[in-house]
Amino acid sequence: VPDIAFVNEKFMPLGQATVHVEDRGFQFADGVYEAVRTYHGRPFALDEHLARLDLSLAGIKLVAPLSRSELAGIVHEGIRLAGYRESVVYIQITRGVAPRHRRFPTNTKPTVVLTFRECPPVSDTPLGKAIRIVTLDDFRWGWCHIKSVALLASVLAYEQAHAAGADDAVFVEPDGTVTESTAGNLFVVKESRVRTPPLGPKLLAGITRGKFIEAARSIGLTCDELPVTRDDLYAADEVCLTSTTVELVAVKSVDNRPVGGDKAGPVTTRMFQQFRKVHAGA
Ligand code: PDD
């Protein structure tokens, strides 16, 4: 089965899907997106993703060309057409095609693009594959709570992490607090207490983050939404990152200092198992 896309109101093979060169997404990264995954073929937390998409759209003053239920319908239809066991769906909405000018165009229809790709079925690998991270001063724009398609800083940070022999980077604010990674939220465990940075404009309100907070609390763990510093990371018993696509990945070193072990630690593991039990039927 080929990957498929939905562009200009039609489904087509991904390889045939194109947007205009004057699309503002291409010219200015003037757009927002969502990534949704399935469990057992059903989109996971779709309502929450579509609600966050509305917040992102409002954040860039873009009026959605489709209602939430119309978008949900396209998501379900695409998943069905693609026919994968599990899929990741990207939804991208840009301010549409217009002559290149910074002013918002008037009477331009936003471009809606969805892509449907296969994603590996649920397995236990996340617990066994810990990664190395580095801390980087946050050089992204100030509105990280908006899920903007402007991911250049994220791309450069990710590249910088790899150049330094690591797998990902987490961002440090001028006040010394650490917010999130290039594409996921951050959790630390110290003396069995779980902590994740509080929501605000410097990080995305991850859907997975919310589910992990719930999972932790539901099994009796303390999970605080409080600032995390670089030193907290260095001193942590366990560190992990969460996102739709990876679910959870354990961290084994921060700036070359070992934290936790080569695999997810005991508290991370319990959180992860609870998350899977509730959401992935595992
Ligand atoms: N990224 N922070 C950033 C900067 C992200 O890009 C993401 C997700 C998250 C986690 O959000 P969620 O749990 O809702 O997926 C946090 C997606 C997966 C991506 O860019 O592909």
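Both ligands and their constituent atoms are indexed starting at 1 by order of listing. Start at 1 with the first residue, then count along the sequence.
- Between Tyr90 and Tyr33, the ring planes lie parallel to each other; the angle is under 30°, not in the 30° to 60° tilted range.
- If you check which protein heavy atom lies closest to atom 3 (C) of ligand 1, you get Glu180 OE1, 3.5 Å.
- The atoms of ligand 1 that sit less than 4.0 Å from any heavy atom of Gly206 are 11 (O), 12 (P), 13 (O), 14 (O).
- Ranking the protein heavy atoms by distance from atom 20 (O) of ligand 1 puts Tyr33 OH, 2.6 Å first.
- In Arg100, the CZ atom is crowded: over 12 heavy atoms of neighbouring residues, nucleotides or ligands sit closer than 6.0 Å.
- A cation-pi arrangement is found for Arg95 relative to Phe104, the charged atom lying closer than 6.0 Å to the ring centre and inside a 45° cone about the ring normal.
- With a 4.0 Å heavy-atom cut-off, ligand 1 is reached by the side chain of Leu204 but not by its N, CA, C or O.
- At a 4.0 Å heavy-atom cut-off, ligand 1 does not touch Leu203 at all.
- In this structure, a donor-acceptor pair under 3.5 Å is absent between the side chains of Thr242 and Asn185.
- Ring geometry for Phe44 against Phe275 counts as perpendicular: the plane angle is over 60°, on a 0 to 90° scale with 30° as the lower cut.
- Close approach to Thr208 involves these atoms of ligand 1, each under 4.0 Å from a residue heavy atom: 12 (P), 13 (O), 15 (O).
- Atom numbering of ligand 1 starts at 1 in the shown order; those under 4.0 Å from a heavy atom of Arg52 are 11 (O), 12 (P), 14 (O).
- Within the structure, ligand 1 has Lys147 among the residues with a heavy atom less than 4.0 angstrom away.
- Counting only heavy atoms from C-beta outward, the side chains of Val178 and Val188 never approach each other to under 4.5 Å.
- Nearest-residue assignment for atom 15 (O) of ligand 1 (options Thr245, Leu151, Thr244, Asn185; heavy-atom criterion): Thr244.
- Those atoms of ligand 1 that come under 4.0 Å of a heavy atom in Tyr90, given as number and element, are 19 (C), 21 (O).
- The shortest side-chain heavy-atom distance between Ser56 and Ser148 does not fall under the 4.5 Å cut-off.
- When only non-hydrogen protein atoms are considered, atom 7 (C) of ligand 1 lies nearest to Ala183 O, 3.3 Å.
- Between Trp143 and His145, the ring planes are perpendicular. Angles over 60° get that label, and only those under 30° would be called parallel.
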